[in-house]
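This report concerns only the one structure given below.
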Amino acid sequence: MSPRPQAHDAPAPGLPPTAPHSAREQLIRHATPIFASKGFVAASTREICDAAGVNVASIHYHFGDKEGLYRAVLLHPVREMAAAFGAFDDPALDFESALRMFLAPFIATPSAEHDAAFDAHVMKIHMREMLEPSAAFREIVEQGIAPLHQAVCGVVARHCGLPQPDDDIHQLVFALVAMANDYCMSREFMKLLAPGVLDRPRANELILERLVGYSRALLDHEIRRRQPAGPPPAKRAATPTARGKQHTSNNPTLKSGHDPQPRTRSARKR
């Protein structure tokens, strides 16, 4: 099983570990909404540095160049999500506990308004990248997202009794992630359709338990479909009575109610 990236890992060359409230952190924080609103090409490094309150040379010092900063912006939420998952792939966990740990970060809501605004910018960037992946995003997928996907596949495969994931397990994991990711990426759209789902008391807790139950149902379905098909039921031999009935039903004369025996001469005279 591939190792999961942790918050202290440095998955991209030239990206030192993030220090809280550092100039590097400020650059990521202020570059995110600018990249989200303007895109990579139109975003100005001077504008980003002015917003972060740092010298223009800070981008070169911390990230190498503008592309390095953009790569860090893409990586930042992936690294935070990986840390939030915890050790969900611990073999000692049952399936429900593992999925509860994995799904919870997807449906967690920001604690402050500015965090919600920042998350919206993050989603905008990642949705754009999923439609038109850049080279930087492909690198982030390979280094940060693919290991997480493989870890989830390992959990599902293990609980299906498989030594390793196959394509059907990958498809099942796609379904599990998509089911939860909607609560991360489409909350405002969901509120337009059914606001009560997200606004009711203990909404996140109720949603999480329901998603864990759905996940269990999908796992059970996958287990059943992999079970070998049993032999077809044996046909029972027809009893004499049944054969007689079958003979009668196939005889057009008997079905019509006519007597199949020839009449005697005396009967014809009468």
Side-chain angles (χ1 to χ4, degrees), residues 2-87 105-106 108-152 177 181 184-188:
S2 301
R4 299 185 318 280
Q6 299 298 322
H8 57 269
D9 291 344
L15 298 184
T18 299
H21 310 299
S22 66
R24 184 179 187 279
E25 178 71 18
Q26 289 298 317
L27 282 168
I28 293 175
R29 190 82 185 178
H30 288 86
T32 297
I34 295 174
F35 281 133
S37 60
K38 295 187 175 183
F40 173 77
V41 175
S44 164
T45 54
R46 180 171 294 278
E47 178 185 8
I48 293 171
C49 290
D50 288 345
V54 298
N55 189 283
V56 176
S58 295
I59 290 180
H60 176 74
Y61 177 79
H62 290 288
F63 307 102
D65 53 19
K66 178 181 173 182
E67 185 174 354
L69 172 59
Y70 184 67
R71 188 187 304 113
V73 165
L74 292 174
L75 175 64
H76 181 74
V78 175
R79 211 161 46 175
E80 286 195 334
M81 186 76 86
F85 288 147
F106 285 98
T109 52
S111 57
E113 185 176 344
H114 67 275
D115 291 329
F118 182 80
D119 284 356
H121 293 308
V122 169
M123 294 174 197
K124 186 174 182 179
I125 294 175
H126 278 256
M127 289 181 72
R128 182 189 298 143
E129 285 289 348
M130 284 188 283
L131 292 173
E132 298 179 354
S134 64
F137 186 70
R138 294 178 188 276
E139 180 181 339
I140 297 306
V141 169
E142 180 181 350
Q143 296 176 348
I145 299 177
L148 287 170
H149 174 78
Q150 292 294 339
V152 185
V177 173
N181 203 39
C184 179
M185 305 290 286
S186 308
R187 294 187 73 90
E188 295 306 315

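We use all heavy atoms of the structure for the numbers below, so side chains are in, but hydrogens, waters and symmetry mates are not. Throughout, numbering of the chain's residues begins at 1 and tracks the sequence.
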message: The criterion is side chain to side chain donor-acceptor pair (under 3.5 Å); which residues satisfy it with H60, sequence neighbours excluded?
response: none
statement: Residues passing the side-chain contact (heavy atoms from CB on, under 4.5 Å) test with S58, sequence neighbours excluded, are L27, V54, N55, H62
- line: Applying side chain to side chain donor-acceptor pair (under 3.5 Å) to E67 and not counting sequence neighbours gives none
query: Checking R128 side chain against A36 main chain: does a donor-acceptor pair fall under 3.5 Å?
result: yes
statement: Rounded to the nearest 0.5 Å, the CD1 atom of I28 sits from the CZ atom of F35 at a distance of 10.5 Å
message: I need the minimum non-hydrogen distance between I48 and A31, along with the two atoms involved.
response: CG2-CB, 3.7 Å
- prompt: What residues form a side chain to side chain donor-acceptor pair (under 3.5 Å) with S44, not counting sequence neighbours?
  reply: none
statement: For R24 and A72, the nearest pair of non-hydrogen atoms, with its separation, is NH2-CB, 4.1 Å
statement: Looking only at heavy atoms, the pair that brings C184 and F106 closest together is CB-O, 3.2 Å
query: Which value, rounded to the nearest 0.5 Å, describes the distance between R71 atom CZ and K66 atom NZ?
result: 13.5 Å
Using atom types as modelled, flag every donor-acceptor pair under 3.5 Å from a side chain in residues 115-125 to any protein atom, sequence neighbours excluded.
unit_1: D115; atom_1: OD1; unit_2: R29; atom_2: NH2; d: 3.2

- request: Under the side-chain contact (heavy atoms from CB on, under 4.5 Å) rule, collect the residues that match up with T109, sequence neighbours excluded.
  value: R187, N204
- prompt: Is the backbone of I145 close enough, under 3.5 Å, to the side chain of H149 for a donor and an acceptor to pair up by distance?
  reply: no
- request: Using the side chain to side chain contact (heavy atoms under 4.5 Å, CB included) rule, take H76 and E80 through it: C-alpha gap first, then chi angles, then the decisive distance, then the call.
  value: CA-CA 6 Å; H76 181 74; E80 286 195 334; 3.3 Å; yes
- request: Search all heavy atoms of D65 against all heavy atoms of G68 and return the closest pair with its distance.
  value: OD1-N, 2.8 Å
Heavy-atom pair of closest approach, residues E129 and L74: CG-CD2, 4.0 Å
task: Inspect the surroundings of CE in M130 and state if more than 12 heavy atoms from other residues, nucleotides or ligands are less than 6.0 Å away.
output: yes
- request: Please name all residues satisfying salt bridge (Lys or Arg N to Asp or Glu O under 4.0 Å) with E132, sequence neighbours left out, ordered by chain then number.
  value: none
statement: Sorted by chain and residue number, the salt bridge (Lys or Arg N to Asp or Glu O under 4.0 Å) partners of E47 (sequence neighbours excluded) come out as K38
message: Would you compute the distance between atom OG1 of T45 and atom CD1 of I59 and round it to the nearest 0.5 angstrom?
response: 5.0 Å
By side chain to side chain donor-acceptor pair (under 3.5 Å) - contacts of S186 (at least two apart): D182
message: Run the ring pair (Phe, Tyr, Trp, His ring centres under 6.0 Å) test against H126 and tell me which residues pass, sequence neighbours left out.
response: F137
